[in-house]
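Each chain gets a letter, A, B and so on, in the order the sequences are listed, and its residues count up from 1. These numbers come from the heavy atoms of this one structure, side chains and all, not from hydrogens, waters or symmetry mates.
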Number of protein chains: 2
Amino acid sequence: MKIPSQLAAIPLFEGLSEENYADLAAIVLDKVFHKGQTIFSEGEEGNGFYVVVAGRLKIFKLSREGKEQILHIFGAGEPFGEVPVFAGQRFPANAEALEDCRVFFFPRAAFVELIKRNPSLALNMLAVLSRRLRQFTLLIEDLSLKEVPGRLAAYLLYLSHQQAGSDEVELDIPKNLLASLLGTIPETLSRILARMIRQGLIEAEGPRIKIVDRQGLQALAVVGSYRST
Amino acid sequence: MKIPSQLAAIPLFEGLSEENYADLAAIVLDKVFHKGQTIFSEGEEGNGFYVVVAGRLKIFKLSREGKEQILHIFGAGEPFGEVPVFAGQRFPANAEALEDCRVFFFPRAAFVELIKRNPSLALNMLAVLSRRLRQFTLLIEDLSLKEVPGRLAAYLLYLSHQQAGSDEVELDIPKNLLASLLGTIPETLSRILARMIRQGLIEAEGPRIKIVDRQGLQALAVVGSYRST
DNA sequence: AAATCGCCTTGACTTAGGTCAAAAAGCCTT
DNA sequence: AAGGCTTTTTGACCTAAGTCAAGGCGATTT
């Protein structure tokens with residue numbers, strides 16, 4: 001597929017002219033990462049940012065003892081690694097492919113030039129960063145002010161919302177990743193799922209989870225977190 | 001003092017022309033908030049953003065049970081409340097004056113117009129948001145991957161760094177606020193300070209803290225967090 | 001000087017959730 | 001079908017940090 005038409009499918013580049021797409025196509029690099037491969041590491045210098053074309057990847061922090069906190073899981077169309085482009089210097093976290101991935105890479109200098117010339121691109125990028133800030137705000141709230149069952153309940157409701165409001169949701173990531181995304185460890189997640197089943201809040205069978213008591217989950221989650229962003 | 005000259009002192013507006021300052025001066029509103037007053041609340045619609053002119057304020061989240069997590073403490077020259085300007089709609093957190101404050105308010109529509117016309121303003125704003133993202137990343141890391149003593153150690157080292165590397169640092173906020181900033185409660189903070197004294201890491205007398213064993217603190221903090229941003 | 005209010009500390013207690021270890025399920029691959 | 005993975009679950013145990021309650025310590029007001 002031709003690159004310009006793929007660029008048009010990226011929300012960040014919405015509203016740009018044909019000429020802009022040509023400019024972008026001229027600076028973009030097309031990269032592939034295999035499952036498990038590191039895309040970049042915390043502390044590394046970043047001289048450009050990325051957009052996911054296909055596949056999924058995680059952005060995460062690692063503690064000295066090896067515990068992992070996932071900040072985001074990104075899929076097709078989502079930009080990542082933008083912080084060093086504008087705040088100078090280094091990546092604040094790590095990125096690793098969860099599946100085989102194809103990504104576009106936009107080198108910093110050329111992209112900044114483009115932004116200078118293109119107010120709507122600048123505004124789109126401001127929107128992306130602002131949404132991320134809002135998202136982080138929710139994650140911080142979760143980590144600091146809620147307990148694990150509350151975060152899990154919020155996540156299940158969010159999934160249900162994503163999946164057309166169905167009561168039968170399917171986890172789109174393995175449970176060990178989910179644990180890391182919720183700021184806990186697999187053992188704890190497992191126990192809490194078991195407890196929720198015992199309490200009649202949900203039923204589960206592998207990655208398929210049935211929401212039995214929506215009210216109950218909402219009470220745990222205090223509704224509102226994990227909005228669609 | 002004339003407003004345009006005060007605008008020039010705000011890093012966000014660095015590098016703008018005289019004409020730009022005039023434009024900004026034309027749209028800015030000058031507001032005052034007294035200590036303890038709410039500047040905005042989570043969920044409220046935001047149709048503009050702010051810059052602190054004088055005084056300090058906190059940006060924070062509140063749990064249902066009343067526990068508070070401070071996200072930022074801002075002082076003179078720092079912009080805040082920008083998220084709703086670019087990501088549409090509502091404030092993701094609360095803002096309250098810690099002291100009597102004077103702030104500038106820039107209405108959204110006019111400001112967005114200005115940004116469209118002014119690439120360097122756009123880039124400055126992108127830098128501000130990116131730095132914030134990096135900061136949040138550190139806070140998330142702290143909350144999820146470090147224990148309270150580690151966060152406190154990091155904070156003390158950060159303070160020392162701020163205060164010209166001196167071994168005698170002075171807390172610039174009361175301890176109950178510090179607790180909330182570190183994601184804990186005053187009792188726990190108090191106990192951990194006591195323990196650090198017992199272990200010979202620090203000495204303390206009210207808000208004056210003397211770093212006795214810098215190495216030891218660094219080991220706790222795993223160095224690197226709470227950078228000057 | 002007494003009273004009051006906000007801030008800080010300390011003690012006794014409880015608990016969410018982490019660690020370690022082992023077993024059980026699911027899977028791919030050969 | 002049989003290993004050899006990884007993922008998930010379970011159990012026993014431990015500990016960081018929160019809750020509740022009581023004082024202490026200043027600073028400011030009356």
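In this structure, A:Leu145 places its CG atom 11 Å from P of D:dG18, rounding to the nearest Å. Rounded to whole Å, the distance from CG on A:Leu143 to P on D:dG18 is 14 Å. Computed from coordinates, the A:Ile185 CD1 to C:dA21 C1' distance equals 13 Å when rounded to whole Å. Nucleotide C:dT10 holds its P atom 13 Å from the CD1 atom of B:Ile192, rounded to whole Å. In this structure, CD of B:Glu205 is placed 12 Å from P of C:dT9, rounded to the nearest angstrom. As a whole-Å value, the separation of B:Lys67 NZ from D:dG18 C1' is 8 Å. To the nearest angstrom, C1' of C:dG6 lies 17 Å from CG of B:Leu178.
In this structure, A:Arg90 contributes its side chain and A:Gly43 its backbone to a donor-acceptor pair below 3.5 Å.
Between B:Asp167 and B:Arg214, at least one side-chain N (NZ, or NE/NH1/NH2) sits under 4.0 Å from a carboxylate O, which counts as a salt bridge. A salt bridge is defined here as a Lys NZ or Arg NE, NH1 or NH2 lying under 4.0 Å from an Asp or Glu carboxylate O, and A:Glu68 with A:Lys58 meets this definition.
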Pairs: protein N or O with nucleotides 6-10 of chain D N or O, under 3.5 Å:
from: D:dT8; atom 1: OP1; to: A:Lys175; atom 2: N; distance (Å): 2.9
from: D:dT8; atom 1: OP2; to: A:Lys175; atom 2: N; distance (Å): 3.1
from: D:dT8; atom 1: OP2; to: A:Asn176; atom 2: N; distance (Å): 2.7
from: D:dT8; atom 1: OP2; to: A:Asn176; atom 2: OD1; distance (Å): 3.4
from: D:dT9; atom 1: OP1; to: A:Lys175; atom 2: NZ; distance (Å): 3.0
from: D:dT9; atom 1: OP2; to: A:Ser190; atom 2: OG; distance (Å): 3.1
from: D:dT9; atom 1: O5'; to: A:Ser190; atom 2: OG; distance (Å): 3.0

Step-by-step salt bridge (Lys or Arg N to Asp or Glu O under 4.0 Å) determination, B:Glu99 to B:Lys35: CA-CA 4 Å; B:Glu99 309 162 356; B:Lys35 177 173 176 171; over 6 Å; no
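The salt bridge (Lys or Arg N to Asp or Glu O under 4.0 Å) test with B:Glu141 is passed by exactly one of A:Arg64, A:Lys67, A:Lys61: A:Lys61. Between B:Phe105 and the options B:Phe40, B:Phe49, B:Phe80, B:Tyr50, a ring-ring contact (aromatic ring centres under 6.0 Å, His included) holds for only B:Tyr50.
At a threshold of 4.0 angstrom between heavy atoms, the contacts of A:Pro149 are confined to the sugar-phosphate backbone, with no base atom among them.
Comparing A:Gly183 and A:Pro207 by the nucleotide of DNA chain C that holds the closest heavy atom to each, the one mapping nearer the 5' end is A:Gly183.
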